[in-house]
Amino acid sequence: MAASQAVAPSQGTTFIQRYSDVLIALAIVTIVIMMIIPLPTFLLDLLICLNITIALLVVMSAIYNVEALDLSVFPSLLLITTLFRLALNISSTRLILLDGFAGEVITAFGNFVVGGNAVVGFIVFIILVIINFIVITKGSERVAEVSARFTLDAMPGKQMSIDADLNQGAITDAEAKRRREKIQREADFFGAMDGASKFVKGDAIAAIIIMMINITGGFVIGMVQRNLEAVQALQQYTLLTVGEGLVSQIPALLISTATGLIVTRSAAEGNLGADLTKQLFRNERIFFILAGVLVFLAIVPGLPGFPFLCLSAVCVLIGLNLKRSHEAAVQQTEASQKTKTKTAAKKAQASPENVISLLQVDPMELEIGYSLIPLVDTGQGGDLLDRIVMIRRQCALELGLVVPTIRIRDNIQIKPNAYIIKLKGIEIAKGELMLDHYLAMNSGTVFEEVPGIETTEPAFGLPALWIPESEREQAELNGYTVVDAVSVLATHLTEVVKQHAAEILGRQETQNLVDNLKKTNESLVNEVVPDLLNIGEIQKVLQNLLGERVSIRDMGTIMEVLADYGRATKDTEVLTEYVRHALARQITHANVQNGVLPCVTLDPALENRIAGAVQRTEHGSYVSLDPDTMQKLVDALETELQKLTNMGYQPIVLTSPAVRPYFRKLVERPVSGVIVLSHAEIEQSVEVQILGVVKI
């Protein structure tokens, strides 16, 4: 069975494909042996013809390439063909100098192609070498060098573009992987071509040196060993050398042309023939103008009129043909459009409207006015997509939350410089930006104000100014905090995500977090789910944590607590408090400043009053306080918290563990931004500094 599976892949392939590795290895070894062992003339003729055939094959393959990577093996192929050509040079040189005859092909090129004239042949050979070396080879070498440099420089940008497309959902993971592999292959290919182009350059130089050696050596051997006259020796060996040079330079010229074709087709859309005809023969007006210019040249005295008139007639015919083709294409397009419209109308009448697609609601959306489109367009230097990638990474690190894909759409119905952030299709935040300005915020150390357009910083509601770029440096010197427009939007979006993290976390996201933990701690997950708690109950606990900006990144600790207390209670509020106690080190680290926790605390009488007002039902617990008491509590709390904020501290209230969740529910709406901690969530090494007491 194993043997049949091993043979199966080779079935249906040709002999060359099946044993390609063996054939290539034998070919390279044979090329090296050719440099050592003399070849008979008939075999040399065959190999010379094979060399020309291979060169033609390479040129045809280069012409029909769409992308450079379609012939990614070309650098190695260039080395092999160059080595083969040099081996033929050595073999033919050996026969020329030993026997004065190197086969029928070389003799034919020396006599028939150049008419038996050694001087003409020598000149033709030199011209071919100059064309190959100076024009084609040098140009290809430079293009390969520049392509390699720009390909390597563009790699980071291309990688970021792929990440942005993946983040926006425009491509799948498999497509992103394929694009990354293609970028890497392009870099490797152009880097290899940069070095492989030196083979062509070296081959052209070697051809000149070999020719001079052959002529000089043949002249000496003809006169000294064969007793030929000087003119006869020079004529015979020069013709043979020129024939051998032409035979080698024609394939070399073809290979150099193929090299140039490959490295210059960076923006191709089809093969060379298709691109040439598509791009040169697309506008009939060009040919009519060209025909007029040629007619003018034909009637100029002193110039031959017949060739210009013939070419002018050809241009007129091409222009008329293109005009008819374009008119026919337009008519066909219009007819096709009408047919599609009628078909769509019939389908719309015959079938009920498909509204299923309209039910899809994106988790998060960012709508922007048309003036803010440059923030998204990477071609105009916009990096908002990259900023969103960084926001998702930041939320994963700080909160342990995988933020879903944020869809970006332009909306012409809002102000040109405005943006709207939506959660599940509903607007939750908005703001306005000025792209050509910077936002300057007073950090409290400003000693001199700068002129600007008054506004409000959208993320935290702080007063700010829009200032032109010319005032940026002066504003920073005066003590302002200055940020650009895209940073303002990114900061606002980050803050919105953190504020609504509990809403973003759904059951599917919770399932993904549990599955990710299961990869490394399967026994723990199996103990909790589904025997103790289901995914919905775990989601409620995680949402409670995120609602107070407690990171759920440490899922292992959270699940261990749920495993310990899940048998005792199913109340998610109580389970959340147990989890917070286990995350005491994390909570302490997030709120402590230099080992000190500045806070306010509750009066014991007030704590007892709140604890006595707790009402427990089968659907959960709540606190029942009369409106007057509630208002006094809020007023007293705001007064004490103002002391903290005036000192530059966070608004933190420290309570007993039993009262903390209920007090949090009481004040989360009327007093936004307050942080409520319990004594069980503070490490013993931390110094608690009580700066006020909330009492009624």
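These figures come from a predicted structure and were not determined experimentally.
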Student check: side-chain heavy atoms of L56 and I52 closer than 4.5 Å:
yes

Shortest non-hydrogen separation from I406 to I388 and the atoms involved
CD1-CG2, 4.1 Å

Counterpart residues, salt bridge (charged side-chain N to carboxylate O under 4.0 Å, His left out), relative to R393 (two or more places apart):
none

Carboxylate-amine/guanidinium contact E181 R178, below 4.0 Å
no

Atom pair CG (L86) and OG1 (T81), whose distance is rounded to the nearest 0.5 Å:
9.5 Å

Separation of L385 CG from D377 CG (nearest 0.5 Å):
9.5 Å

Could you state the interatomic distance from CE (M390) to CG (L397), rounded to the nearest 0.5 Å?
8.5 Å

If we only count heavy atoms from C-beta on, is the L384 to L366 side-chain gap below 4.5 Å?
yes

Looking at every heavy atom in both A87 and I31, which two are closest together, and how far apart are they?
CB-O, 3.6 Å

Partner set under salt bridge (charged side-chain N to carboxylate O under 4.0 Å, His left out) for D383, not counting sequence neighbours
R387

Between CD1 of I373 and CD1 of I408, what distance do you get to the nearest 0.5 Å?
11.5 Å

For residues 302-323, which side-chain N or O atoms pair as donor and acceptor with protein atoms under 3.5 Å away, sequence neighbours left out?
residue : atom : partner : partner atom : Å
S312    : OG   : A291    : O            : 3.0

Considering only heavy atoms from C-beta outward, does the side chain of L375 approach that of I368 to under 4.5 Å?
no

Write down the atom of C395, the atom of V403, and the distance for their closest heavy-atom approach.
CB-CG2, 3.6 Å

Validation row: R409, R407 side chains within 4.5 angstrom (heavy atoms):
yes

Can you tell me how far the CD1 atom of I28 sits from the CG atom of L83, to the nearest 0.5 Å?
8.0 Å

Atom OG of S91 and atom CG of L44: how far apart are they, to the nearest 0.5 Å?
6.0 Å

What one should report as the nearest heavy-atom pair of R94 and I36 is NH2-O, 3.6 Å

Please name the pair of heavy atoms, one in S371 and one in P374, separated by the smallest distance, quoted to 0.1 Å.
O-CD, 3.3 Å

What heavy-atom pair brings F84 and I54 nearest, and what distance separates the two atoms?
CE2-CD1, 4.4 Å

4.5 Å side-chain heavy-atom contact, D410 and V376:
no

Between L47 and N51, is there a side-chain heavy-atom distance shorter than 4.5 Å?
no

